[in-house]
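Structure first, then comments.
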Protein chains: 2
Amino acid sequence: MSEPAPQPRNTRQRTAIREAIDASDRPLGPQELLEIGRRDVPSMSLATVYRNINALLEEGAITKVELPGQPPLYESAGLKHHHHFHCDKCGRVFDIEGCPGNLKPLLPEGFTLTGHEITLYGRCADCA
Amino acid sequence: MSEPAPQPRNTRQRTAIREAIDASDRPLGPQELLEIGRRDVPSMSLATVYRNINALLEEGAITKVELPGQPPLYESAGLKHHHHFHCDKCGRVFDIEGCPGNLKPLLPEGFTLTGHEITLYGRCADCA
DNA sequence: GTCGTTGCAAAGCGTTTGCAGCCTA
DNA sequence: TAGGCTGCAAACGCTTTGCAACGAC
């Protein structure tokens, strides 16, 4: 089921990507990570960003944020349960604390619930 | 902003696609629509499915259902406000009636709310 | 007969992968 | 030095588009 998992090395590229994600207060996409990472390592390629994203996902350091109709974003793992807000104007995604909870009553007969995802849409404070 | 919008024609392909969507009790993807459509019009191509999906979307006959991390699905327009359930096992998506509502309190200061999307995950009745 | 539509193949776009050289440990 | 990592370019999967033939009205 699982590969022997090689010994990871701390390259400047990997460090730059991990720090970019940890320092951000909102989830970031591969292209944004490339731009930020290139401030430290100008030669960095997009393929490297993707490979490190996948490595960090597998080691559990970051989480994939998937919103309807958009390519995935990534944020630090270990944030508490939260949801996301997508600004209709600037397109940025923000973390939202809290959760309405109590969604089980919505389920049809015989269905079981293991998780949920909520995305809010509107204008962020900068764009409102 | 908007093209003069040509006079649409009722081809067998378009009819088959529209009927497949209207007859389904759950949202369908392009590949599924191709398979169903080919029962009526075996020569149908995937490009035709996509072109008709987009035409039906613009004329407001169908709605795009976008779930996190999956390609879009399509369902009849005019269904009342609802959400979606994604089965972890079979991968199918089902419509869910009802809505928790009252999500405004979750917003940070200065943010405005125009809409929301909720996706539930778990096992459907067949897979539970 | 017009002109919207179709099938096919090529092009786009975001993501993944093969490969040879590079660099961390 | 070994072998994981990187940059580059080719490959992929899904969707769109150019083009010539087709067919609805």
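Predicted model, so just to flag it, every value in this text is computed and none were measured. Lettering follows sequence order; numbering is per chain, from 1.
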Distance-only donor-acceptor check, side chains B/E75 and B/H82, under 3.5 Å: yes

Atom-pair distance (CG on A/L34; P on C/dC13), nearest Å: 17 Å

Rounded interatomic separation in angstrom, taking CG from B/L33 and C1' from C/dT6: 17 Å

Atom-to-atom span, CZ of B/R9 to P of C/dT6 - whole angstrom: 11 Å

Closest to side chain of B/S45, choosing from D/dC5, C/dT5, C/dG7: C/dG7

Whole angstrom value for the distance that separates C1' of D/dA24 from CD of B/Q7: 11 Å

Touch class at under 4.0 angstrom, heavy-atom based, for A/R14 against every strand present: sugar-phosphate

5' precedence on DNA chain D between A/V49 and B/L46 (nearest-nucleotide basis): A/V49

5′-ward residue of the pair B/Q31/A/N52 relative to DNA chain D: A/N52

Value in whole Å for how far the P atom of D/dT6 lies from CG of A/N10: 11 Å

Donor-acceptor pair present, B/R51 side chain and D/dG18 base, under 3.5 Å: yes

Carboxylate-amine/guanidinium proximity below 4.0 Å for B/R14 and B/E19: no

side-chain N/O A/S43 vs D/dG7 OP1/OP2, d < 4.0 Å: yes

Euclidean distance, atom CD1 of residue B/I53 to atom P of D/dT16 [Å, nearest integer]: 8 Å

Rounded distance [0.5 Å steps], CG in A/L67 versus CD1 in A/I118: 12.5 Å

D/dG7 phosphate, OP1 or OP2, under 4.0 Å from A/T48 side-chain N/O: yes

Straight-line distance of A/C87 SG to B/F111 CZ, nearest 0.5 Å: 7.5 Å

Whole-Å distance separating the CD atom of B/Q13 from the C1' atom of C/dG7: 9 Å

Salt bridge flag under 4.0 Å for residues A/E32 and A/R92: no

Interatomic distance, B/N54 CG vs C/dT6 P [rounded to whole Å]: 12 Å

